[in-house]
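Quick notes on the structure that follows.
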Amino acid sequence: MGFRHILGRSVLLLLVLLAGKNLNAQCCAAGNPIGTDLDFTNGGKNSVLVGLTYRYSLSGSVYQGSKKSDVGFVDKSDFNYSEFTVNYALTSRLSFRGDIGYFFNKTEYYNNGFTPARANGLGDLSLLANYQLLKQSKIGALAIGLGVKLPVGIFDQEVDDVKLPINVQPSSGSFRGNFQFFQQKGLGSRVMIFSLLSMEMAAWIRSDNFTYRYGNMYLFATGFSYKILPGLSAALSGRGEFRGRSWRDDHISVESSGSKIIYVTPSFNWKIKRKANFNAGVLLPVYRYMNGIQLGNTLGVYSGLTLKY
Amino acid sequence: MNKFPLLILLLIFIMASCSKNSTDDPPSGNQISLIDSLVTRTDTIVAMKDTTSITVYTTAIDPVIQWSTDHGTILGSGRRIVYYSGECCIGGNIVTCKVSSENGSDVKSVKIHVKSYFGGG
(Lines give C-alpha, C1' and ligand atoms only; values in the text may rest on other atoms or scores of the structure.)
Protein backbone atom coordinates (compact mmCIF):
# COMPACT_ATOMS: atom_id res chain seq x y z
CA MET A 1 0.00 0.00 0.00
CA GLY A 2 1.48 3.33 -1.08
CA PHE A 3 2.00 6.33 1.10
CA ARG A 4 -0.63 8.32 -0.76
CA HIS A 5 -3.13 5.62 0.02
CA ILE A 6 -2.24 5.74 3.66
CA LEU A 7 -2.44 9.50 3.62
CA GLY A 8 -5.90 9.36 2.16
CA ARG A 9 -7.04 7.02 4.87
CA SER A 10 -5.48 9.17 7.49
CA VAL A 11 -8.02 11.87 6.66
CA LEU A 12 -10.67 9.52 7.88
CA LEU A 13 -8.73 8.69 10.96
CA LEU A 14 -8.10 12.29 11.69
CA LEU A 15 -11.80 12.87 11.71
CA VAL A 16 -12.46 9.83 13.82
CA LEU A 17 -10.01 11.10 16.36
CA LEU A 18 -11.17 14.66 16.03
CA ALA A 19 -14.58 13.45 16.90
CA GLY A 20 -13.21 11.32 19.63
CA LYS A 21 -12.10 14.27 21.69
CA ASN A 22 -12.90 13.87 25.28
CA LEU A 23 -16.50 14.71 26.03
CA ASN A 24 -15.78 14.23 29.65
CA ALA A 25 -18.02 14.52 32.64
CA GLN A 26 -18.73 18.02 33.75
CA CYS A 27 -18.01 17.76 37.40
CA CYS A 28 -14.92 19.74 38.18
CA ALA A 29 -13.78 19.97 34.61
CA ALA A 30 -13.82 23.54 33.49
CA GLY A 31 -12.52 24.58 30.13
CA ASN A 32 -12.49 22.96 26.75
CA PRO A 33 -12.99 19.26 26.32
CA ILE A 34 -9.53 17.81 26.35
CA GLY A 35 -7.82 17.66 22.98
CA THR A 36 -6.64 14.15 22.51
CA ASP A 37 -6.40 13.76 18.79
CA LEU A 38 -3.28 14.17 16.84
CA ASP A 39 -3.47 15.99 13.58
CA PHE A 40 -1.87 13.32 11.54
CA THR A 41 -3.01 14.59 8.22
CA ASN A 42 -0.20 16.30 6.49
CA GLY A 43 -1.28 17.12 2.97
CA GLY A 44 2.15 18.29 2.02
CA LYS A 45 4.05 21.50 2.44
CA ASN A 46 1.87 24.61 2.84
CA SER A 47 -1.38 22.64 2.92
CA VAL A 48 -4.14 23.99 5.16
CA LEU A 49 -6.97 22.17 6.90
CA VAL A 50 -9.93 24.01 8.40
CA GLY A 51 -12.50 22.31 10.59
CA LEU A 52 -15.63 23.08 12.57
CA THR A 53 -16.79 20.63 15.21
CA TYR A 54 -19.93 20.52 17.33
CA ARG A 55 -20.23 18.47 20.51
CA TYR A 56 -22.82 17.75 23.11
CA SER A 57 -22.14 16.04 26.41
CA LEU A 58 -24.50 14.90 29.13
CA SER A 59 -23.59 13.80 32.63
CA GLY A 60 -26.81 12.51 34.03
CA SER A 61 -25.99 10.29 36.99
CA VAL A 62 -23.96 10.39 40.17
CA TYR A 63 -21.52 7.53 40.67
CA GLN A 64 -19.89 6.32 43.83
CA GLY A 65 -17.00 4.33 42.49
CA SER A 66 -18.53 2.31 39.67
CA LYS A 67 -22.06 2.22 41.13
CA LYS A 68 -24.88 4.65 40.55
CA SER A 69 -25.95 6.67 43.55
CA ASP A 70 -29.00 8.82 44.17
CA VAL A 71 -27.16 10.99 46.65
CA GLY A 72 -26.67 14.60 45.86
CA PHE A 73 -28.11 17.94 45.15
CA VAL A 74 -26.96 18.11 41.54
CA ASP A 75 -29.33 16.52 39.06
CA LYS A 76 -27.25 16.57 35.89
CA SER A 77 -24.98 18.70 33.76
CA ASP A 78 -24.46 19.22 30.06
CA PHE A 79 -22.76 21.39 27.50
CA ASN A 80 -23.08 22.41 23.86
CA TYR A 81 -19.76 23.27 22.38
CA SER A 82 -18.32 24.22 19.03
CA GLU A 83 -14.69 24.37 18.01
CA PHE A 84 -12.88 25.97 15.09
CA THR A 85 -9.65 24.39 13.93
CA VAL A 86 -6.89 25.47 11.57
CA ASN A 87 -4.00 23.22 10.68
CA TYR A 88 -1.02 24.32 8.63
CA ALA A 89 1.69 22.00 7.32
CA LEU A 90 5.00 23.79 7.29
CA THR A 91 6.76 20.80 5.74
CA SER A 92 5.67 17.33 4.71
CA ARG A 93 6.44 16.16 8.27
CA LEU A 94 5.87 19.16 10.52
CA SER A 95 2.49 20.81 11.00
CA PHE A 96 0.96 23.30 13.43
CA ARG A 97 -2.56 23.41 14.63
CA GLY A 98 -4.75 25.83 16.54
CA ASP A 99 -8.18 25.21 18.11
CA ILE A 100 -10.48 27.71 19.73
CA GLY A 101 -13.81 26.72 21.19
CA TYR A 102 -17.03 28.36 22.27
CA PHE A 103 -19.51 27.00 24.82
CA PHE A 104 -23.08 27.83 23.88
CA ASN A 105 -23.95 26.57 27.32
CA LYS A 106 -22.22 24.78 30.13
CA THR A 107 -24.85 24.06 32.70
CA GLU A 108 -25.31 22.34 36.03
CA TYR A 109 -28.90 21.48 36.95
CA TYR A 110 -30.07 21.13 40.55
CA ASN A 111 -32.81 19.31 42.35
CA ASN A 112 -35.25 21.15 44.59
CA GLY A 113 -36.11 23.77 42.01
CA PHE A 114 -32.99 25.92 42.16
CA THR A 115 -32.09 27.85 39.04
CA PRO A 116 -29.40 26.03 37.06
CA ALA A 117 -25.88 27.48 36.94
CA ARG A 118 -25.43 28.28 33.28
CA ALA A 119 -22.35 29.76 31.68
CA ASN A 120 -21.38 30.45 28.10
CA GLY A 121 -18.46 31.96 26.28
CA LEU A 122 -15.06 31.42 24.79
CA GLY A 123 -13.04 28.46 26.00
CA ASP A 124 -9.31 27.89 25.84
CA LEU A 125 -6.96 28.29 22.89
CA SER A 126 -5.09 25.11 22.02
CA LEU A 127 -1.84 25.13 20.05
CA LEU A 128 -0.24 21.92 18.88
CA ALA A 129 2.85 20.99 16.87
CA ASN A 130 2.85 17.60 15.14
CA TYR A 131 5.83 15.80 13.75
CA GLN A 132 5.62 12.66 11.66
CA LEU A 133 8.43 10.39 12.81
CA LEU A 134 7.75 7.54 10.38
CA LYS A 135 5.72 7.60 7.22
CA GLN A 136 5.92 3.90 6.54
CA SER A 137 7.23 1.07 8.67
CA LYS A 138 6.28 -2.43 9.81
CA ILE A 139 4.03 -0.95 12.47
CA GLY A 140 2.66 1.69 10.14
CA ALA A 141 3.05 5.43 10.38
CA LEU A 142 4.04 7.16 13.62
CA ALA A 143 3.68 10.76 14.77
CA ILE A 144 4.15 12.76 17.94
CA GLY A 145 2.53 15.98 19.06
CA LEU A 146 3.41 18.57 21.66
CA GLY A 147 0.99 21.26 22.64
CA VAL A 148 -0.16 23.90 25.07
CA LYS A 149 -3.53 25.32 26.06
CA LEU A 150 -3.90 28.95 26.95
CA PRO A 151 -6.75 30.15 29.20
CA VAL A 152 -7.82 32.97 26.94
CA GLY A 153 -11.55 32.47 27.44
CA ILE A 154 -14.15 33.36 30.02
CA PHE A 155 -13.31 32.62 33.64
CA ASP A 156 -14.73 33.98 36.89
CA GLN A 157 -18.04 34.43 35.09
CA GLU A 158 -20.96 35.80 37.11
CA VAL A 159 -24.71 35.52 36.68
CA ASP A 160 -26.96 37.85 38.71
CA ASP A 161 -23.85 39.03 40.58
CA VAL A 162 -23.07 35.50 41.74
CA LYS A 163 -19.83 33.82 40.73
CA LEU A 164 -20.53 30.58 38.92
CA PRO A 165 -18.91 27.39 40.20
CA ILE A 166 -15.59 26.43 38.70
CA ASN A 167 -16.96 23.40 36.87
CA VAL A 168 -19.20 25.48 34.61
CA GLN A 169 -16.68 28.20 33.80
CA PRO A 170 -16.02 28.09 30.02
CA SER A 171 -12.26 28.46 30.32
CA SER A 172 -10.16 26.12 32.41
CA GLY A 173 -8.44 29.11 33.99
CA SER A 174 -4.98 27.56 33.78
CA PHE A 175 -2.23 26.72 31.33
CA ARG A 176 -2.01 23.12 30.20
CA GLY A 177 0.59 21.10 28.36
CA ASN A 178 0.00 17.93 26.43
CA PHE A 179 1.93 15.24 24.63
CA GLN A 180 0.51 12.80 22.11
CA PHE A 181 1.71 9.76 20.25
CA PHE A 182 -0.15 8.34 17.29
CA GLN A 183 0.15 5.23 15.15
CA GLN A 184 -1.84 3.93 12.19
CA LYS A 185 -1.51 1.14 9.69
CA GLY A 186 -3.49 0.02 6.69
CA LEU A 187 -4.57 -3.61 6.44
CA GLY A 188 -5.59 -4.32 2.87
CA SER A 189 -7.63 -1.87 0.85
CA ARG A 190 -10.56 -1.41 3.23
CA VAL A 191 -9.30 -1.62 6.77
CA MET A 192 -7.16 0.75 8.81
CA ILE A 193 -6.13 0.31 12.43
CA PHE A 194 -4.98 3.11 14.67
CA SER A 195 -4.01 3.89 18.24
CA LEU A 196 -3.40 7.00 20.25
CA LEU A 197 -1.64 7.74 23.51
CA SER A 198 -2.08 11.13 25.11
CA MET A 199 -1.17 12.91 28.31
CA GLU A 200 -2.17 16.30 29.63
CA MET A 201 -0.92 18.22 32.64
CA ALA A 202 -2.53 21.35 34.06
CA ALA A 203 -0.95 24.22 35.95
CA TRP A 204 -2.53 25.79 39.02
CA ILE A 205 -5.55 28.01 38.62
CA ARG A 206 -4.79 31.20 40.49
CA SER A 207 -7.70 33.53 40.07
CA ASP A 208 -9.30 35.90 42.55
CA ASN A 209 -11.68 33.15 43.57
CA PHE A 210 -10.16 29.79 42.82
CA THR A 211 -6.95 28.03 43.77
CA TYR A 212 -7.14 24.67 42.11
CA ARG A 213 -5.21 22.28 39.90
CA TYR A 214 -6.77 19.56 37.81
CA GLY A 215 -5.21 16.12 37.93
CA ASN A 216 -3.20 14.74 35.06
CA MET A 217 -5.14 13.18 32.22
CA TYR A 218 -4.03 10.06 30.38
CA LEU A 219 -5.81 8.66 27.40
CA PHE A 220 -5.43 5.56 25.29
CA ALA A 221 -7.55 4.88 22.25
CA THR A 222 -7.43 2.17 19.66
CA GLY A 223 -9.74 1.09 16.87
CA PHE A 224 -10.28 0.39 13.23
CA SER A 225 -12.09 1.87 10.27
CA TYR A 226 -13.75 0.03 7.41
CA LYS A 227 -14.49 1.43 3.98
CA ILE A 228 -18.11 0.53 3.26
CA LEU A 229 -18.54 2.45 0.02
CA PRO A 230 -16.36 4.80 -1.96
CA GLY A 231 -16.32 7.94 0.19
CA LEU A 232 -18.12 6.36 3.12
CA SER A 233 -16.37 4.68 6.02
CA ALA A 234 -17.37 3.44 9.44
CA ALA A 235 -15.11 3.23 12.47
CA LEU A 236 -15.24 1.66 15.87
CA SER A 237 -12.83 2.54 18.63
CA GLY A 238 -12.37 1.96 22.32
CA ARG A 239 -10.85 4.58 24.55
CA GLY A 240 -9.78 4.69 28.14
CA GLU A 241 -9.56 8.00 29.97
CA PHE A 242 -7.74 8.14 33.27
CA ARG A 243 -7.77 11.36 35.22
CA GLY A 244 -5.79 11.78 38.41
CA ARG A 245 -7.03 13.55 41.51
CA SER A 246 -7.14 17.32 41.57
CA TRP A 247 -5.54 19.59 44.12
CA ARG A 248 -6.91 22.56 46.00
CA ASP A 249 -5.34 25.26 48.14
CA ASP A 250 -2.48 24.22 50.40
CA HIS A 251 -1.89 21.27 48.04
CA ILE A 252 -4.72 19.22 49.51
CA SER A 253 -5.70 16.28 47.32
CA VAL A 254 -9.38 16.32 46.33
CA GLU A 255 -10.57 12.82 47.09
CA SER A 256 -13.72 13.00 44.99
CA SER A 257 -12.00 13.92 41.78
CA GLY A 258 -10.41 11.91 39.04
CA SER A 259 -11.86 8.91 37.28
CA LYS A 260 -11.34 5.95 35.01
CA ILE A 261 -13.76 5.78 32.10
CA ILE A 262 -13.85 3.45 29.12
CA TYR A 263 -15.83 4.44 26.05
CA VAL A 264 -16.91 2.67 22.91
CA THR A 265 -17.12 5.06 19.99
CA PRO A 266 -18.91 4.14 16.77
CA SER A 267 -18.62 6.76 14.07
CA PHE A 268 -18.75 7.34 10.35
CA ASN A 269 -17.04 9.55 7.85
CA TRP A 270 -18.43 10.80 4.58
CA LYS A 271 -16.14 12.28 2.00
CA ILE A 272 -18.49 14.82 0.42
CA LYS A 273 -16.09 16.06 -2.18
CA ARG A 274 -12.44 15.62 -2.79
CA LYS A 275 -11.52 18.19 -0.17
CA ALA A 276 -14.47 18.08 2.20
CA ASN A 277 -15.35 15.57 4.90
CA PHE A 278 -18.26 15.21 7.27
CA ASN A 279 -18.14 12.95 10.28
CA ALA A 280 -20.32 12.12 13.24
CA GLY A 281 -20.37 9.67 16.10
CA VAL A 282 -21.30 8.80 19.65
CA LEU A 283 -19.30 8.30 22.81
CA LEU A 284 -20.82 5.56 24.91
CA PRO A 285 -19.33 4.97 28.34
CA VAL A 286 -19.26 1.25 29.08
CA TYR A 287 -17.32 1.44 32.33
CA ARG A 288 -16.80 4.20 34.87
CA TYR A 289 -15.00 4.39 38.14
CA MET A 290 -15.35 7.79 39.74
CA ASN A 291 -13.12 8.44 42.74
CA GLY A 292 -15.29 9.17 45.76
CA ILE A 293 -18.66 10.36 44.53
CA GLN A 294 -19.13 12.45 41.38
CA LEU A 295 -21.28 13.05 38.36
CA GLY A 296 -20.37 10.62 35.59
CA ASN A 297 -20.60 11.05 31.85
CA THR A 298 -23.69 9.48 30.28
CA LEU A 299 -23.43 10.31 26.62
CA GLY A 300 -21.43 12.30 24.12
CA VAL A 301 -22.30 13.08 20.51
CA TYR A 302 -20.36 15.00 17.93
CA SER A 303 -20.22 16.00 14.31
CA GLY A 304 -17.68 17.85 12.27
CA LEU A 305 -16.94 19.31 8.89
CA THR A 306 -13.41 19.56 7.57
CA LEU A 307 -12.16 21.37 4.49
CA LYS A 308 -8.74 20.87 3.04
CA TYR A 309 -6.90 23.43 0.91
CA MET B 1 9.98 68.79 85.05
CA ASN B 2 10.68 65.24 84.08
CA LYS B 3 9.08 64.69 80.68
CA PHE B 4 10.10 61.04 80.46
CA PRO B 5 6.79 59.50 81.74
CA LEU B 6 4.85 61.76 79.42
CA LEU B 7 7.02 60.65 76.51
CA ILE B 8 6.40 56.99 77.38
CA LEU B 9 2.64 57.58 77.53
CA LEU B 10 2.73 59.34 74.18
CA LEU B 11 4.71 56.46 72.65
CA ILE B 12 2.22 53.90 73.98
CA PHE B 13 -0.65 55.96 72.59
CA ILE B 14 0.99 56.15 69.15
CA MET B 15 1.72 52.40 69.12
CA ALA B 16 -1.83 51.59 70.16
CA SER B 17 -3.15 53.83 67.42
CA CYS B 18 -1.10 52.00 64.82
CA SER B 19 -2.08 48.47 65.87
CA LYS B 20 -4.42 46.62 63.48
CA ASN B 21 -7.47 44.64 64.39
CA SER B 22 -7.60 41.91 61.74
CA THR B 23 -11.16 40.92 62.45
CA ASP B 24 -12.64 44.38 62.27
CA ASP B 25 -10.84 46.31 59.58
CA PRO B 26 -11.96 49.88 59.24
CA PRO B 27 -13.03 50.63 55.68
CA SER B 28 -10.26 52.16 53.60
CA GLY B 29 -10.31 54.13 50.36
CA ASN B 30 -13.85 54.24 49.09
CA GLN B 31 -14.69 51.15 51.14
CA ILE B 32 -17.25 52.08 53.72
CA SER B 33 -19.10 50.07 56.31
CA LEU B 34 -22.19 48.84 54.50
CA ILE B 35 -22.41 45.32 55.89
CA ASP B 36 -23.77 44.95 59.38
CA SER B 37 -23.33 41.21 59.45
CA LEU B 38 -23.11 38.04 57.42
CA VAL B 39 -25.17 35.36 59.07
CA THR B 40 -25.10 31.64 58.28
CA ARG B 41 -27.75 29.18 59.32
CA THR B 42 -24.95 26.76 60.07
CA ASP B 43 -21.25 26.98 59.29
CA THR B 44 -20.73 23.21 58.98
CA ILE B 45 -22.41 21.07 56.37
CA VAL B 46 -22.09 17.58 54.92
CA ALA B 47 -21.11 17.42 51.26
CA MET B 48 -23.69 16.15 48.77
CA LYS B 49 -26.37 16.26 51.44
CA ASP B 50 -26.70 19.55 53.27
CA THR B 51 -27.03 23.17 52.31
CA THR B 52 -26.75 26.27 54.39
CA SER B 53 -28.19 29.71 53.87
CA ILE B 54 -26.16 32.89 54.21
CA THR B 55 -27.82 36.25 54.69
CA VAL B 56 -26.25 39.64 54.43
CA TYR B 57 -27.61 42.48 56.55
CA THR B 58 -26.75 45.79 54.99
CA THR B 59 -27.41 49.46 55.64
CA ALA B 60 -27.00 50.33 51.98
CA ILE B 61 -29.92 51.68 50.02
CA ASP B 62 -30.45 49.97 46.66
CA PRO B 63 -27.30 47.91 47.09
CA VAL B 64 -25.62 45.72 44.49
CA ILE B 65 -24.86 42.45 46.27
CA GLN B 66 -22.20 40.17 44.79
CA TRP B 67 -21.37 36.70 46.03
CA SER B 68 -18.43 34.41 45.35
CA THR B 69 -16.78 31.36 46.83
CA ASP B 70 -13.44 29.67 46.38
CA HIS B 71 -14.99 26.19 46.42
CA GLY B 72 -18.56 24.98 46.16
CA THR B 73 -21.71 26.36 44.63
CA ILE B 74 -23.83 29.39 45.40
CA LEU B 75 -27.52 29.07 44.60
CA GLY B 76 -29.80 32.06 44.34
CA SER B 77 -28.80 35.70 44.57
CA GLY B 78 -29.56 38.89 46.46
CA ARG B 79 -29.54 39.31 50.22
CA ARG B 80 -29.86 35.60 50.95
CA ILE B 81 -28.17 32.76 49.13
CA VAL B 82 -27.86 29.03 49.65
CA TYR B 83 -24.46 27.39 49.73
CA TYR B 84 -23.96 23.82 48.56
CA SER B 85 -20.90 21.66 48.10
CA GLY B 86 -20.06 18.37 46.47
CA GLU B 87 -17.42 15.98 47.71
CA CYS B 88 -14.97 17.89 45.54
CA CYS B 89 -14.89 20.72 48.03
CA ILE B 90 -14.31 19.19 51.45
CA GLY B 91 -12.60 21.53 53.89
CA GLY B 92 -12.86 25.15 54.89
CA ASN B 93 -14.38 27.19 52.08
CA ILE B 94 -14.71 30.93 51.97
CA VAL B 95 -17.92 32.62 50.88
CA THR B 96 -17.47 36.31 50.18
CA CYS B 97 -20.11 39.00 49.93
CA LYS B 98 -19.49 42.41 48.43
CA VAL B 99 -22.06 45.14 48.87
CA SER B 100 -21.80 48.24 46.71
CA SER B 101 -23.80 51.42 46.68
CA GLU B 102 -23.38 54.94 45.34
CA ASN B 103 -21.14 55.81 48.28
CA GLY B 104 -18.72 52.92 48.03
CA SER B 105 -18.45 49.25 48.82
CA ASP B 106 -17.86 46.82 51.63
CA VAL B 107 -16.69 43.19 51.69
CA LYS B 108 -17.13 40.48 54.29
CA SER B 109 -16.43 36.75 54.23
CA VAL B 110 -17.58 33.74 56.11
CA LYS B 111 -15.98 30.31 56.31
CA ILE B 112 -18.10 27.22 55.72
CA HIS B 113 -16.69 23.91 56.83
CA VAL B 114 -17.66 21.08 54.50
CA LYS B 115 -17.44 17.56 55.90
CA SER B 116 -17.23 14.44 53.79
CA TYR B 117 -20.38 12.50 53.05
CA PHE B 118 -18.41 9.40 54.01
CA GLY B 119 -17.43 10.87 57.38
CA GLY B 120 -14.34 12.84 58.28
CA GLY B 121 -13.22 16.03 56.56
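Values in this document were obtained by computation on a predicted structure and should not be read as measured data. Chain letters run A, B, ... following the sequence lines, proteins first, then strands; residues in each count from 1.
- For Y289(A) and Y287(A), the ring centers sit 6.0 Å or farther from each other.
- Here E241(A) pairs with R239(A) in a salt bridge; the nearest charged N to carboxylate O distance falls below 4.0 Å.
- With a threshold of 4.5 angstrom between heavy atoms, V62(A) approaches chain B through side-chain atoms but not through N, CA, C or O.
- For I94(B), no part sits under 4.5 Å from any heavy atom of chain A, backbone or side chain.
- Taking the six-membered ring where the residue is Trp, H71(B) and Y212(A) present tilted rings, their angle falling between 30° and 60°.
- Looking at F114(A), the atoms closer than 4.5 Å to chain B (heavy atoms on both sides) all sit in the side chain, from C-beta outward.
- For a residue to count as touching a neighbouring chain, one of its non-hydrogen atoms must lie under 4.5 Å from one of that chain's; by this rule T96(B) does not touch chain A.
- Ring planes of Y81(A) and F103(A): tilted class, angle from 30 to 60°.
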